[in-house]
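Accompanying notes for the structure given below.
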Amino acid sequence: MYAKVIVDVPAKQTNRGFDYLIPEALREWVAIGSRVAVPFGPRKLQGFVVELHDRPDFDPAKLKPISEVLDLYPPLTPDLVELAEWVSQTYLCHEITALQAMVPGALKAKYERHIKVGDKDLDGAHGDLLSQGQHTLLLPIEEDIIEFVRGKGSIEIGSLLSKFTSQGSLIKQMITQGQLLEVQLIKDRMSAKKVLTVFPVEQPLQLMDWAEQLPDKSKKQKQVLLYLAESPYPIKLSDLLSELNISASTVKGLADKGYLSIKEVEVQRDPYALRTFPRTVPLTLTPEQEVVFGSISQAVNELEHRVFLLHGVTGSGKTEVYLQSIQTCLDQGREAIVLVPEISLTPQMVERFKGRFGNQVAVLHSRLSQGERFDEWRKIMLKQVNVVIGARSAIFAPFTKVGLIIIDEEHESSYKQEESPKYHARDVSIARAAQHGAVVVLGSATPSLESMYGTLPEAEQTQIGSSGNPPATLRSIGNLAKPKVRFELLTMRERVEGRPLPKVHIVDMREELSEGNRSMFSRSLHKAIEDRIQKKEQIVLLLNRRGYATFVMCRSCGYVAECPHCDISLTYHQSAKTLRCHYCGYTEREATVCPSCSSEHIRHFGTGTQRVEEELGKLFPGIRVIRMDVDTTTEKGSHEKWLTLFRNQQADVLLGTQMVAKGLDFPMVTLVGALAADTVLNLPDFRAAERTFQLLTQVGGRAGRHELPGEVFIQTYTPEHYSIISASKHDYTSFMDKEMGFRKFHDYPPFHRLILITLSHEQIPLLMRSAETFAAKLKELAKSLAPVPIEILGPVASPISRIKDRYRFQCMVKYRGEASIAGLVQQAAATLSDVEKQYKLTISIDVDPQVLM
DNA sequence: AGCACGCCGACT
DNA sequence: GTCGGCGTGCTC
């Protein structure tokens, strides 16, 4: 038996399995998914076992053995290993990168090279060398080094070199000669936390006996024994010390006498340990919820891989349906994964799950420390929980019997990871569910076009899938190779308790300006704010900072500079004072007067939350504002703090960026204002209208969720835009119809798929040449695929044309059908590899990009 | 990615 | 004549 190992080197040349012998002693411990240490060339590396097999594709006589198995249990399940391969082939990343993404950061290897005194030191080597007649007297500096290392036992090579600067070559020589010994260590960044714990070793009576036998001067020791006699349970050493106000030596003394024992005990850092969650019971479902729950639970019970798209208006009670569906899944002895966008993984959300399922729930989100994260993950691995709720990466929870995967707010772009592996959690979920025969529920009040598209009958999909077929070259062809399932649409149109959706007003800010109101609050919103303050009701104000000063708009007529070829707004480029389209490269000079109405009120648009906060203070003296944006929420727990403050009505206004729009539920909020609804709309992105509709619908949904009815004001310079009109009428269907038409007309997703390739280099000429070469090569390769429709746009400069002193050019591939275009892109990129190596050109490939920068 | 092996300039 | 520069190529 041999093991195929993917080693911890994210490079093209090492992106394959390497075969290793499994030493007899490790045979029991090596499994698919094991993390191992292996010799690799002259060094020792971490790797993951991805296959066990009998026939290595390398001379078995030359195979090296695995040196070590790094964990008691494999951190990855075989299905995750298979999924990693699928991820790496679908999203074009090195396989090790995909594997690494599946385990907590704490398990990422830290390589340390340590130096010890070698066995050929002074005593051992003398005779040998003397007999060979060699000069054996060590130089004084060598003696110093050896003494120093001996004193430390073992020392990190870096610290040794910094202690003996400029002795690098001497030290190297000493290693070669065996006076010093190099050992390579692979360390985890984090391990299970251990705490010294004191255990009584006998019954209370015996302890009291011992206490009496102690000499009178050992007052403290007596005290400890009596304490343990009184409560004969293990206690944390630190607790015992502070409890009795004694020092560790006292307890140590007792341990030496054998009167008690001190052991290291593994403890879990439970971030929620100090909180109790009141248990909740399933609520009675509304008839609509009942229907939806029925469909989901039936599928779960039948162990069928099906995908549901649950379209439920804000406040329709999707979470309760999730909770009861999970219960069905648990009743079957299977496990459930719940994904929520990072931003809405609030304590409130956690509370609902912990309240229903208690300590069967693990929570994974980025605000946990690395150690806390590791412990939550460990609970999953050790099967101490059967529900996990978390952000994107929780889809890789090492469960073995997944029955249900829920993706809440499935339209959120944060499900797409922007770093390698650039996976989309929604598509990975479906792949993982296929492996387990599990049910997927995609929930949203504003489903993405991709997901709606998935519900269409195949004929209408024009034979295109949004997630594509897995490549046929997977090591083990499992359920991942099965064809994509069609999504089933479930709908909930009513809010619970028959509460009405809020009334939405569209405010035309052009009119405000023409009537002399230059403030960022329209007269009607101003009045509404006054009204709520007086009634002691609460207000949520949304100001999206994204798009800050990137687009140009006329404040008189609402004209926005658009690309004549692409129907998207142009990006303002500060450096050259030009407007550019980053799809096709079209460029025009920045206008000083509006080309449409000749007004001079044309400018870069954008304003910050800070300014709004100031103005609120001026307009409404005494108003209590909580501002939530990246500046005020970076500190750990601050997010929670602000929300609690607002919940307790210690503020009148919650002002913030997108983070105030998602999933919050405050009974006293009756007014919501979107101050500049256009900011997202004018981003140079074909999804701008979709994002605007989603954002306005979501933020509007914060109002009037309880007894008090809600009201929403949308301030805009483009009140006639269909995304704004549809949002104001709560009319998802008409928005979807229009947007689908737009996408289809322009060959955008979901009708076509995209791959974004970004090349970067320090020098523009070389970069442009490489980009051209790449595009030409890709076009040539694409010809072989005819008649598959494939279009290659660019190369053009990226919207962010330089990052960290590197210029960026991009190409966009638009295609239809299931052909493996990703493979072609990789091939075309490979033809550049020699140039790449020589001149440090980098190529990044994003399959199904969400952000086109 | 490292790290070693291997072939050309400034020093004892 | 050697130490050392970093260009190519391999790692089971």
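The shown structure was predicted, so the numbers you read here are calculated from the model rather than taken from an experiment. Labels below follow one simple rule: chain letters A, B, ... track the order of the sequence lines, proteins then strands, and each chain is numbered from 1.
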ask   = Does Phe18(A) stack onto the base of dC12(C), taking stacking as ring centres under 5.5 Å apart and planes under 30° apart?
value =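 Phe18(A) ring does not meet the centre or angle cut-off for dC12(C); no stack.
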Atom-to-atom span, [atom1] of [X] to [atom2] of [N] - whole angstrom:
{"X": "Ile66(A)", "N": "dC12(C)", "atom1": "CD1", "atom2": "C1'", "value": "11 Å"}
{"X": "Asp57(A)", "N": "dC12(C)", "atom1": "CG", "atom2": "P", "value": "14 Å"}
{"X": "Arg43(A)", "N": "dC12(C)", "atom1": "CZ", "atom2": "P", "value": "10 Å"}
{"X": "Arg16(A)", "N": "dC12(C)", "atom1": "CZ", "atom2": "C1'", "value": "7 Å"}
{"X": "Arg113(A)", "N": "dA1(B)", "atom1": "CZ", "atom2": "P", "value": "18 Å"}
{"X": "Ile96(A)", "N": "dT11(C)", "atom1": "CD1", "atom2": "C1'", "value": "15 Å"}
{"X": "Gln13(A)", "N": "dC3(B)", "atom1": "CD", "atom2": "P", "value": "16 Å"}
{"X": "Met1(A)", "N": "dC12(C)", "atom1": "CE", "atom2": "P", "value": "21 Å"}

ask   = If you look at every strand shown and take non-hydrogen atoms under 4.0 Å, does Pro39(A) touch a base, only sugar-phosphate, or nothing?
value =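 If one applies the 4.0 Å heavy-atom cut-off, Pro39(A) turns out to touch the sugar-phosphate alone, with no base involved.
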ask   = Contact class for Tyr20(A) (heavy atom, under 4.0 Å): base, sugar-phosphate, or nothing?
value =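 Contact class for Tyr20(A): sugar-phosphate only.
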message = Can a donor-acceptor pair be found, under 3.5 Å and without considering hydrogens, that links the side chain of Lys422(A) to the backbone of Asp848(A)?
response =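 Pair absent, no side-chain N/O of Lys422(A) close to backbone of Asp848(A).
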Donor-acceptor pair, side chain of Ser67(A) and main chain of Ala37(A), under 3.5 angstrom =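 It does hold such a pair.
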inquiry  = Nearest to the side chain of Pro42(A), heavy atoms from C-beta on, is which of dT11(C), dA1(B), dC3(B)?
reply    =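 Closest nucleotide to the Pro42(A) side chain: dC3(B).
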message = Counting only side-chain heavy atoms from C-beta out, which of dC3(B), dC12(C), dT11(C) sits nearest to Asp19(A)?
response =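 Side chain of Asp19(A) sits closest to dC12(C).
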Any Lys64(A) side-chain N or O less than 4.0 Å from OP1/OP2 of dC12(C) =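 Yes, Lys64(A) has a side-chain N/O under 4.0 Å of OP1/OP2 on dC12(C).
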Only distances under 3.5 Å count here; give the side-chain donor-acceptor pairs of residues 93-112 of chain A to other protein atoms, sequence neighbours excluded, each with its distance to 0.1 Å.
unit_1, atom_1, unit_2, atom_2, d
Glu95(A), OE2, Arg475(A), NH1, 3.2
Glu95(A), OE2, Arg475(A), NH2, 2.7
Thr97(A), OG1, His94(A), O, 3.4
Gln100(A), NE2, Asp8(A), OD1, 3.1
Tyr111(A), OH, Asp8(A), OD2, 2.9
Tyr111(A), OH, Gln46(A), N, 2.8
Glu112(A), OE1, His114(A), NE2, 2.8
Glu112(A), OE1, Lys187(A), NZ, 3.4

key: Centroid-centroid distance, Tyr2(A) to Phe58(A), less than 6.0 Å   =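 No: the rings miss the under 6.0 Å criterion.
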Side-chain ion pair, Glu156(A) and Arg113(A), N-O less than 4.0 Å =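 Salt bridge flag = no for Arg113(A) with Glu156(A).
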